[in-house]
Each structure stands twice: as C-alpha cells, then as structure tokens.
**Student:** 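My structure is below; once you've seen it, I'll send some questions.
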Amino acid sequence: MARDLTTAVKNEIATDSLQPVNLIYINVGTGLRVTDHYKDLTYDSNTYTASSLFTKLSSVTESSEIQVSNITVTFTGADQTITSLFLNNPYLEKEAEIYKGFIDGNETLIADPFLLFKGRIESFSINESLDNSKVNVVIASHWADFSKVEGRKTNTGSQQIHFSGDLGFEFASQTVQDIKWGRS
C-alpha cells in the first residue's frame, strides 16, 4: 500500500536515533486505545494509554495481489481488563486500526503517524498457563469478506424461510439457461 508520509515523518526516519511506537485502536466496548510507549500519547485528539499488557504485534505483510492478510495483537499479564473486554462485549467484525508513529528527541509524538493496518476483528483467543496468560486478537483485512456469500438463494428452502407456502422457486434448480438480466 502506498503511503503518503509527511515531511516530519520522513525527516525522523532519516535520523540515526529512530524510536518507533505503535498506536492500537480496537473498537470493542467503549473502544480500547493502547500504545507500546512508556507513557500515554495523544494523536488525532485521542489518548492512547501506555500499557504493559500490550506486548507484541505480528509482522505485517503486504502484496500487490488481492489477498486476505491479518495481523495479531498480543496482550499478556494476569490483568482481567482485556479478557473481560472481549468476553463481555460483541467483538467479531469490529473495526481495528494500527498506526505506526515515531518519537522525537524531546519524547513527543511526531505529527502524523501513518496507518499501518486497518481491518476487522476476526477472532480472539485466551491462552492460560500457571504463570502467564495471553490474549491474541486477530485482525483481518477488508478482503476477508470478499468471497463470503450472503443474502438469499434462489431455491425453495430459502424462499420458504421468508414466505412459507410460496412455491415460486420450486423449479429454479431445473433452469439451465443463464439469464442475462437487462439485455435483449
């Protein structure tokens, strides 16, 4: 994906002391905004809370081909904040955004972090052990629903769900001619 980086970001990338940070937004419940920086950061009038629970972001792969890509955000620790957020709220298909930003020499966020990944929550899992707990949130790109078939089908069963007793599609399966709608 082509990125339009601001001049401030380009200048920071060119320096010798690069301090990247991730800004994560997950739209579950009232919304979760966290960063892997040691202190809270504000971007676009939103505060991203410094969290020791956010520990890992899987690598992002990009391709020129149309394909489903995903990224995994990992939270660790015995804190129930993240676990209860997903267990007590609907989370499937909720929006999530990951921004990559940079911290300058004054420990402030450079003006315009860029959107690294945007998608919808595909799943989450909890992995518990005696000394650790992990919550993995998988976020899939917008291509995840590309091949999903939705809506009604032209068969009797589908028609009966909405209009019991209607036999309008009784012989639809016997039609072999490809009907070109809107053409003569």
Side-chain angles (χ1 to χ4, degrees), residues 1-6 9 12-13 18-103 109-153:
M1 166 169 65
R3 303 197 198 293
D4 294 325
L5 302 178
T6 62
V9 171
E12 187 62 27
I13 291 173
L18 209 60
Q19 294 184 50
V21 293
N22 293 299
L23 305 172
I24 312 280
Y25 169 65
I26 298 176
N27 187 19
V28 175
T30 58
L32 174 67
R33 293 182 196 278
V34 295
T35 182
D36 55 357
H37 193 53
Y38 74 91
K39 66 178 182 176
D40 295 354
L41 297 173
T42 301
Y43 169 63
D44 199 23
S45 302
N46 295 305
T47 299
Y48 291 81
T49 306
S51 175
S52 61
L53 301 177
F54 166 54
T55 58
K56 185 178 171 188
L57 188 62
S58 68
S59 62
V60 177
T61 57
E62 295 182 351
S63 172
S64 60
E65 298 177 18
I66 297 174
Q67 64 183 21
V68 177
S69 58
N70 60 29
I71 191 166
T72 302
V73 180
T74 302
F75 298 92
T76 62
D79 191 326
Q80 294 298 313
T81 307
I82 303 298
T83 307
S84 63
L85 179 70
F86 284 93
L87 291 176
N88 296 321
N89 294 290
Y91 62 87
L92 285 177
E93 298 294 320
K94 295 292 185 175
E95 185 178 86
E97 297 173 346
I98 301 169
Y99 291 90
K100 178 68 78 175
F102 298 96
I103 302 296
L109 185 65
I110 293 176
D112 298 307
F114 62 90
L115 183 62
L116 181 66
F117 194 88
K118 182 176 182 177
R120 300 198 177 275
I121 298 172
E122 186 174 75
S123 67
F124 100 100
S125 62
I126 303 171
N127 300 319
E128 296 279 342
S129 67
L130 291 175
D131 57 348
N132 195 9
S133 66
K134 288 184 181 180
V135 174
N136 292 315
V137 180
V138 179
I139 303 165
S141 69
H142 67 282
W143 294 111
D145 286 340
F146 187 68
S147 61
K148 185 177 180 182
V149 178
E150 291 190 30
R152 294 176 51 194
K153 297 172 179 50

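A quick note: this is a predicted structure, and the numbers were derived from the prediction, not measured.
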**Student:** Do T76 and N132 touch side chain to side chain, with heavy atoms closer than 4.5 Å?
**Tutor:** yes
**Student:** How long is the straight-line distance from OG of S84 back to CG of N89, given to the nearest 0.5 Å?
**Tutor:** 8.5 Å
**Student:** Roughly how far, to the nearest 0.5 Å, is the CD1 atom of I121 from the CD atom of E95?
**Tutor:** 9.5 Å
**Student:** Using the side-chain hydrogen bond (donor to acceptor under 3.5 Å, both in side chains) rule, collect all pairs that involve residues 36-45, keeping only residues at least two apart or in two chains.
**Tutor:** N22-D36, Y38-E107
**Student:** Applying side-chain hydrogen bond (donor to acceptor under 3.5 Å, both in side chains), can you list everything that pairs with Y99, at least two apart in sequence or on another chain?
**Tutor:** E97
**Student:** Taking side chain as C-beta onward, heavy atoms only, is T35 less than 4.5 Å from I24?
**Tutor:** no
**Student:** Which atom pair, heavy atoms only, marks the closest approach of G101 to P113?
**Tutor:** CA-CB, 3.8 Å
**Student:** With sequence neighbours excluded, what pairs up with N136 under the side-chain hydrogen bond (donor to acceptor under 3.5 Å, both in side chains) test?
**Tutor:** T74
**Student:** Side-chain contact test, heavy atoms from C-beta onward, threshold under 4.5 Å: evaluate it for K94 versus R120 and give yes or no.
**Tutor:** no
**Student:** Quick one: do I139 and T72 satisfy side chain to side chain contact (heavy atoms under 4.5 Å, CB included)? Show the steps, please.
**Tutor:** CA-CA 6 Å; I139 303 165; T72 302; over 6 Å; no
**Student:** Atom CG of L23 and atom CG of N46: how far apart are they, to the nearest 0.5 Å?
**Tutor:** 10.0 Å
**Student:** Mind checking what makes side chain to side chain contact (heavy atoms under 4.5 Å, CB included) contact with I126, not counting sequence neighbours?
**Tutor:** T83, L87, F124, E128, V135
**Student:** Are any non-hydrogen side-chain atoms of L109 and V21 less than 4.5 angstrom apart?
**Tutor:** yes
**Student:** Please tabulate, for the side chains in residues 26-34, all donor-acceptor contacts under 3.5 angstrom to protein atoms that are two or more places apart in sequence or on a different chain.
**Tutor:**
residue	atom	partner	partner atom	Å
N27	OD1	Y25	OH	3.1
R33	NH1	Y48	OH	3.3

**Student:** Can you find a heavy atom in the side chain of I110 that is under 4.5 Å from one in the side chain of I103?
**Tutor:** no
**Student:** E122 versus N70: any side-chain heavy-atom pair under 4.5 Å?
**Tutor:** yes
**Student:** Heavy-atom distance under 4.5 Å between the side chains of Y91 and L85, does that happen here?
**Tutor:** no
